[in-house]
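Working notes for the structure below.
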Amino acid sequence: MDGQGRAGLRGEQRGQEPLGPGALQFDLRDDDDAEEEGPKRELGVRRPGGAGKEGVRVNNRFELINIDDLEDDPVVNGERSGCALTDAAAPGNKGRGQRGNTESKTDGDVTETAPSEQSHASGKLRKKKKKQKNKKSSAGEASENGLEDIDRILERIEDSTGLNRPGPAPLSSRKHVLYVEHRCGPRPSLRPPFSAAALLCACPSLPRQRQRVYPKCTWLTTPKSTWPRYSKPGLSMRLLESKKGLSFFAFEHSEEYQQAQHKFLVAVESMEPNNIVVLLQTSPYHVDSLLQLSDACRFQEDQEMARDLVERALYSMECAFHPLFSLTSGACRLDYRRPENRSFYLALYKQMSFLEKRGCPRTALEYCKLILSLEPDEDPLCMLLLIDHLALRARNYEYLIRLFQEWEVGASLAHRNLSQLPNFAFSVPLAYFLLSQQTDLPECERSSARQKASLLIQQALTMFPGVLLPLLESCSVRPDASVSSHRFFGPSAEISQPPALSQLVNLYLGRSHFLWKEPATMSWLEENVHEVLQAVDAGDPAVEACENRRKVLYQRAPRNIHRHVILSEIKEAVAALPPDVTTQSVMGFDPLPPSDTIYSYVRPERLSPISHGNTIALFFRSLLPNYTMEGERPEEGVAGGLNRNQGLNRLMLAVRDMMANFHLNDLEAPHEDDAEGEGEWD
């Protein structure tokens with residue numbers, strides 16, 4: 001009694017005294033078992049020796065140990081570690097409980113009432129916990145059922161109205177072949193090792209710049225603090241229609257933006273980049289002006305400024321997106337025939353080119369998929385001539401093989417005939433071969449990929465024999481005499497192919513020839529070249545069939561291929577363009593516009609000073625397009641009208657330089673290359 005009194009004065013609560021080993025005994029059986037075995041539990045709670053001898057009496061098992069900790073204990077051979085067995089589970093404990101019951105009965109009724117009251121209180125607590133658990137489970141089931149009901153309602157609405165919200169495919173289904181992976185961006189690979197926040201924490205003395213607030217978070221680019229403050233330039237997007245799971249959108253120009261567009265066209269006709277700079281001072285987020293000035297900076301080797309202008313154009317267009325427009329789903333369409341939409345195509349293409357040059361082929365591949373997904377049927381920029389190259393550079397061989405299988409063999413897109421394009425005909429077997437070189441794949445998969453690669457490369461060499469020798473020459477590889485002198489792979493194969501096919505071959509070799517320089521790749525190519533020569537000498541009928549197919553399919557290249565060649569700026573392919581393309585004027589902001597363009601507004605007619613000028617004015621303007629006569633009124637917003645005599649002064653300087661470099665040859669003097677000194681013309 002004295003010990004208990006001292007413990008109470010010290011403030012020690014029940015269940016906090018020092019515990020000995022084996023002092024605690026908990027009953028962790030389910031509540032249902034507890035209700036069935038109520039009498040046994042009442043008799044078996046108290047141990048025979050009492051609390052003072054063996055340990056501390058714990059009436060409520062939730063006082064000391066959390067039930068979550070008990071549930072986390074590992075189970076070994078059907079028993080939980082860290083806790084004593086119950087009376088029903090352990091025979092030894094059951095025996096001790098029975099002996100304790102007999103002893104407690106002999107002591108009288110007073111010793112029986114305490115265990116019964118304690119077990120009754122713990123039973124009420126267990127029932128209360130059970131009710132709360134049942135409420136939680138029922139609430140969770142109700143919420144899940146509610147979510148399922150909402151999904152069913154949305155599905156019924158989409159089925160009845162035909163409006164499908166564009167977005168990523170469900171996780172359960174396979175993603176679309178043109179689904180854009182947003183996580184593959186340039187920022188993770190180009191991110192500096194230390195962030196700005198880490199530097200500020202390490203160096204508090206660094207000046208803290210005030211960050212400019214932008215209206216929204218964008219995916220295509222990150223706004224920079226050096227850009228002008230963003231204000232809506234009058235560019236917007238609207239939803240035209242939704243059918244068959246596709247959503248068709250279109251950019252729109254407000255009246256203010258249309259006025260800026262008219263000034264831009266006047267500035268382009270002046271052929272003076274400073275006029276575009278003046279326009280950007282008043283309209284800093286005019287898309288076509290940003291793209292045109294970006295080309296001017298790129299020609300002057302200012303790559304950083306050119307890339308910054310393209311990113312600003314992308315930011316301006318992304319801020320105008322419709323809420324339902326999705327960049328990643330592959331189900332949103334933009335008609336290239338509308339001039340307002342072409343700027344987005346060209347901005348994405350230029351950004352993709354910059355990313356490829358910076359060494360981010362995976363991100364460039366995602367941009368290529370995005371451009372192709374905007375109008376995959378027409379493919380206005382002919383991204384199919386580029387996507388294989390980016391997939392190989394990104395080492396994403398599985399995606400290239402999947403694209404070829406779905407669009408070449410698929411029933412709905414069988415008309416694409418990807419195998420008839422030289423780039424796919426050679427890139428797909430190369431992807432199979434490179435896949436067979438990966439050591440982490442099983443041997444059976446590697447062998448199957450190698451066989452598939454050999455079969456496809458033999459078909460490609462049979463269909464396009466004029467590719468082999470230029471490819472070897474680009475790789476600085478000297479072909480075998482038996483190959484170079486053969487009539488099938490000789491110089492006649494390259495000369496006899498149609499001009500349209502030569503253009504595609506030059507485009508592919510100028511872009512992807514370095515992918516074939518590996519020694520293992522060259523050895524594999526050499527083996528298959530000899531296999532093709534044996535088939536040709538044996539008179540394989542497939543050789544003649546491929547020759548007839550080449551004459552029929554490649555008579556003339558479509559306009560989108562010419563547009564792609566102009567944007568690619570590959571010298572070999574540009575030199576192979578037909579005269580009807582090279583002789584017409586090509587604008588950088590709209591190269592080779594479609595003949596069936598859909599105009600939403602028309603540029604107002606203006607009086608052209610060229611058509612009403614005299615002969616001298618036409619001559620001066622041919623030398624200097626910025627030259628203006630005294631009677632001509634400069635256009636509004638053009639920098640050339642600020643100084644009327646500026647054009648004339650520049651013209652005089654150009655004439656002086658021309659006269660200084662102009663020399664007349666003395667016809668009476670003997671020619672240097674004439675050994676006999678004769679000055680007569682034959």
Side-chain angles (χ1 to χ4, degrees), residues 268 271 273 276 287-311 313-314 336 342-361 363-365 367-368 370-372 379-394 421-423 427 467 470-471 473-474 499-515 557-594:
V268 170
M271 302 179 66
I276 302 178
V287 177
D288 287 341
S289 299
L290 292 171
L291 297 179
Q292 191 72 14
L293 189 60
S294 173
D295 289 339
C297 295
R298 187 166 51 86
F299 293 150
Q300 296 176 2
E301 302 299 332
D302 191 354
Q303 301 293 334
E304 187 67 25
M305 178 59 68
R307 183 169 61 250
D308 185 80
L309 293 172
V310 171
E311 291 179 356
L314 283 174
Y336 192 81
R342 297 174 197 166
S343 302
F344 188 57
Y345 280 88
L346 297 176
L348 290 175
Y349 188 92
K350 295 177 186 297
Q351 179 72 354
M352 177 194 64
S353 301
F354 283 128
L355 289 171
E356 183 186 4
K357 294 177 182 178
R358 293 172 66 189
C360 302
T363 309
L365 174 62
Y367 270 82
C368 184
L370 173 58
I371 299 173
L372 184 58
D379 194 9
L381 299 187
C382 208
M383 303 309 296
L384 288 177
L385 299 178
L386 177 61
I387 192 170
D388 61 298
H389 169 75
L390 295 176
L392 290 176
R393 284 201 59 190
L421 296 174
N423 59 312
S427 295
V467 177
L471 175 62
E473 182 179 358
S474 301
L501 180 57
S502 299
Q503 185 177 357
L504 294 176
V505 171
N506 293 330
L507 182 67
Y508 173 70
L509 295 178
R511 176 178 284 157
S512 305
H513 66 88
F514 65 91
L515 298 174
R559 195 173 182 83
N560 60 341
I561 292 181
H562 295 160
R563 191 181 297 118
H564 178 87
V565 170
I566 293 174
L567 291 174
S568 66
E569 298 179 357
I570 297 177
K571 297 180 180 180
E572 297 84 359
V574 173
L577 286 172
D580 59 340
V581 177
T582 56
T583 53
Q584 61 178 313
S585 59
V586 178
M587 297 296 179
F589 67 94
D590 190 9
L592 299 181

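One-based numbering along the sequence shown. Excluded from the calculations below are hydrogen atoms, water molecules and symmetry mates; all remaining heavy atoms, backbone and side chain alike, are included.
- In this structure a side-chain-to-backbone donor-acceptor pair under 3.5 Å is missing from Asp308 to Gln303.
- The CG atom of Leu365 sits 11.5 Å away from atom CG of Leu355, with the distance rounded to the nearest 0.5 Å.
- The minimum heavy-atom distance linking Gln503 with Pro578 is given by the pair OE1-CD, 4.3 Å.
- Not a single side-chain hydrogen bond (donor to acceptor under 3.5 Å, both in side chains) links Ser353 to another residue, sequence neighbours left out.
- Contact check for Tyr336 versus Leu381: side-chain heavy atoms found under the 4.5 Å cut-off.
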Exercise for review: Determine, stepwise, if the pair Leu515 / His389 fulfils side chain to side chain contact (heavy atoms under 4.5 Å, CB included).
Suggested key: CA-CA 9 Å; Leu515 298 174; His389 169 75; 4.1 Å; yes
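- Using a 4.5 Å heavy-atom threshold, the side chains of Leu592 and Gln584 count as touching.
- In this structure the side chain of Ile371 never reaches within 4.5 angstrom of the side chain of Cys368, judged on heavy atoms.
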Point to revise | Check against side chain to side chain contact (heavy atoms under 4.5 Å, CB included), Met352 and Leu390 | key: CA-CA 10 Å; Met352 177 194 64; Leu390 295 176; 4.0 Å; yes
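- Distance OG/Ser568 to CD1/Ile561: 11.5 Å, rounded to 0.5 Å.
- Not counting sequence neighbours, the partners of Pro422 by the side chain to side chain contact (heavy atoms under 4.5 Å, CB included) test are Phe464, Leu501, Leu504, Val505.
- In this view, Arg563 satisfies the salt bridge (Lys or Arg N to Asp or Glu O under 4.0 Å) rule with no residue, not counting sequence neighbours.
- Using modelled atom types, one side-chain atom of Thr582 and one backbone atom of Pro579 make a donor-acceptor pair closer than 3.5 Å.
- Under the salt bridge (charged side-chain N to carboxylate O under 4.0 Å, His left out) criterion, the residue pairs touching residues 345-355 are Asp295-Lys350, with sequence neighbours excluded.
- Side-chain atoms of Leu309 and Cys297, non-hydrogen and from C-beta on, do get closer than 4.5 Å to each other.
- In this structure, the separation between SG on Cys382 and CG on Asn560 is 4.5 Å, given to the nearest 0.5 Å.
- A distance of 10.5 Å separates CG in Leu291 from CZ in Phe589, rounded to the nearest 0.5 Å.
- In this view, Arg511 satisfies the salt bridge (Lys or Arg N to Asp or Glu O under 4.0 Å) rule with no residue, not counting sequence neighbours.
- Shown here are the salt bridge (Lys or Arg N to Asp or Glu O under 4.0 Å) partners of Glu473, two or more places apart in sequence or in another chain: there are none.
- Applying the salt bridge (Lys or Arg N to Asp or Glu O under 4.0 Å) criterion to Asp379, with sequence neighbours excluded, gives no partner residue.
- Considering all non-hydrogen atoms of both residues, Asp388 and Ser427 come closest at OD2-OG, 2.6 Å.
- Residues in residues 562-587 take part in no ring-ring contact (aromatic ring centres under 6.0 Å, His included) pair, two or more places apart or across chains.
- Sorted by first then second residue, the salt bridge (charged side-chain N to carboxylate O under 4.0 Å, His left out) pairs that include residues 567-591, not counting sequence neighbours, are Arg298-Glu569, Arg342-Asp590, Arg556-Asp580.
- Between Val581 and Val565, the closest side-chain pair of non-hydrogen atoms is not below 4.5 Å.
- The ring-ring contact (aromatic ring centres under 6.0 Å, His included) search around Tyr508 returns none, not counting sequence neighbours.
- Heavy-atom minimum distance, Leu346 versus Gly588: CD1-O, 4.1 Å.
- For the pair Leu567 and Tyr349, the minimum side-chain heavy-atom distance is below 4.5 Å.
- For Glu304, the side-chain hydrogen bond (donor to acceptor under 3.5 Å, both in side chains) criterion is met by Arg307, not counting sequence neighbours.
- Contact check for Gln300 versus Met305: no side-chain heavy atoms found under the 4.5 Å cut-off.
- The side-chain hydrogen bond (donor to acceptor under 3.5 Å, both in side chains) search around Ser502 returns Gln497, not counting sequence neighbours.
- The two residues Ser294 and Val310 have their closest heavy-atom pair at OG-CG2, 3.2 Å.
- If you take CG on Leu293 and CD1 on Ile276, they are separated by 6.0 Å, rounding to the nearest 0.5 Å.
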**Study point:** Test side chain to side chain contact (heavy atoms under 4.5 Å, CB included) applied to Ile566 and Val574, step by step
**Key:** CA-CA 7 Å; Ile566 293 174; Val574 173; 6.0 Å; no
